[in-house]
Amino acid sequence: MATPDFIRTIRADAGHQLLWLPGVTAIVFDDEGRVLLGRRSDNGKWSVIGGIPDPGEQPAACAVREVFEETAVHCVAERVVLVEALEPVTYPNGDTCQFMDITLRCRAVGGEARVNDDESLEVGWFALDQLPDLHEFGLFRIKQAMADEQPTWFDRQ
């Protein structure tokens with residue numbers, strides 16, 4: 001995942017200390033009910049699409065932008081699926097971040113799925129019964145996005 005310029009600016013002063021950041025995940029379905037996934041260039045694993053909103057950018061706009069930037073697919077955000085504070089992560093360079101993930105269900109409205117930037121090795125549509133190996137993060141979000149009648153998920157602790 002490419003580091004946004006505004007985070008590089010913060011890191012110049014903050015060093016490696018923990019940054020609390022927004023994150024957006026897009027679960028994109030096509031008219032056939034398939035889900036859009038990308039195989040990440042940083043770890044080679046299949047994943048749902050996501051990224052970090054720019055300052056002032058709305059989560060839905062970020063989801064739409066990230067999907068297009070990474071896959072060349074145009075989509076519209078339909079609803080919030082879940083909101084979850086993730087565990088802190090430390091990157092190989094020592095930077096530490098913790099993300100508040102907002103996951104949105106999206107519907108594809110155009111474009112052809114293809115690698116559209118350097119963050120993905122492959123992108124593609126997958127039937128729900130033929131998903132590649134995915135981390136629980138993505139599987140849980142896909143499951144929540146499929147439940148049309150279900151309200152937005154959040155940890156009720």
Subject >> Closest non-hydrogen atom pair, P88 against T96 >> reply: CB-CG2, 4.5 Å

**OP:** Please check if F99 and V48 belong to a single hydrophobic cluster, counting links between Ile, Leu, Val, Met, Phe, Trp and Tyr side chain heavy atoms closer than 4.5 Å.
**Re:** yes

**OP:** Spell out, yes or no, whether V35 and W125 are grouped together once hydrophobic residues are joined by side-chain heavy atoms under 4.5 Å, including indirect joins.
**Re:** no

Original post:
Remaining members of V109's ILVMFWY cluster at a side-chain heavy-atom cut-off under 4.5 Å?
Top reply: V76

**OP:** Answer whether the closest heavy-atom distance between the side chains of D95 and T90 falls below 4.5 Å.
**Re:** no

Original post:
Who pairs with D30 by salt bridge (Lys or Arg N to Asp or Glu O under 4.0 Å), at least two apart in sequence or on another chain?
Top reply: R34

Original post:
Are any side-chain N or O atoms of R40 and backbone N or O atoms of G44, one a donor and one an acceptor, separated by less than 3.5 Å?
Top reply: no

Subject >> Exceeds 12 heavy-atom contacts within 6.0 angstrom, atom CD of Q98 >> reply: yes

**OP:** Under the side chain to side chain contact (heavy atoms under 4.5 Å, CB included) rule, collect the residues that match up with D5, sequence neighbours excluded.
**Re:** R8

Original post:
Which heavy atom of I49 sits nearest a heavy atom of G38, and at what distance?
Top reply: CD1-N, 3.8 Å

**OP:** Return the set of residues passing side chain to side chain donor-acceptor pair (under 3.5 Å) with T152 (not counting sequence neighbours), or none when no residue passes.
**Re:** none

**OP:** Taking ring pair (Phe, Tyr, Trp, His ring centres under 6.0 Å) as the test, write out the residues that go with F29, two or more places apart.
**Re:** none

**OP:** For L18 and C97, work out which heavy atoms get closest and say how close.
**Re:** CD1-C, 3.6 Å

**OP:** Scan residues 38-74 for pairs that pass ring-ring contact (aromatic ring centres under 6.0 Å, His included), counting only residues two or more places apart or in two chains.
**Re:** W46-F126, F68-H74

Original post:
What's in the same ILVMFWY side-chain cluster as I102, cut-off under 4.5 Å, chained through other members?
Top reply: W20, V24, V80, V83, M100, L104

Original post:
How many angstroms lie between atom CZ of R114 and atom OG1 of T71, to the nearest 0.5 angstrom?
Top reply: 9.0 Å

**OP:** Identify the two heavy atoms, one from A26 and one from V67, that lie closest to each other, and give their separation to 0.1 Å.
**Re:** CB-CG2, 3.5 Å

Subject >> Qualifying residues under side chain to side chain contact (heavy atoms under 4.5 Å, CB included), relative to I10, sequence neighbours excluded >> reply: F6, A14, L19

**OP:** List in chain and number order the residues that pass side chain to side chain donor-acceptor pair (under 3.5 Å) with E69, two or more places apart in sequence or in another chain; answer none if no residue qualifies.
**Re:** R65

Subject >> Partners passing side chain to side chain donor-acceptor pair (under 3.5 Å) against E66 (at least two apart in sequence or in another chain) >> reply: none

Original post:
Shortest non-hydrogen contact from Q17 to R11?
Top reply: O-NH1, 2.6 Å

Original post:
Who passes side chain to side chain donor-acceptor pair (under 3.5 Å) against D129, sequence neighbours left out?
Top reply: none

Table please: side-chain donor-acceptor pairs of residues 130-145 below 3.5 Å, with sequence neighbours left out.
unit_1: H135; atom_1: ND1; unit_2: F137; atom_2: N; d: 3.0
unit_1: R141; atom_1: NE; unit_2: D101; atom_2: OD2; d: 2.9
unit_1: R141; atom_1: NE; unit_2: T103; atom_2: OG1; d: 3.1
unit_1: R141; atom_1: NH1; unit_2: F137; atom_2: O; d: 3.2
unit_1: R141; atom_1: NH2; unit_2: E84; atom_2: OE1; d: 2.7
unit_1: R141; atom_1: NH2; unit_2: D101; atom_2: OD2; d: 3.1

Original post:
Is the number of heavy atoms from other residues, nucleotides or ligands under 6.0 Å of N93 CG greater than 12?
Top reply: yes

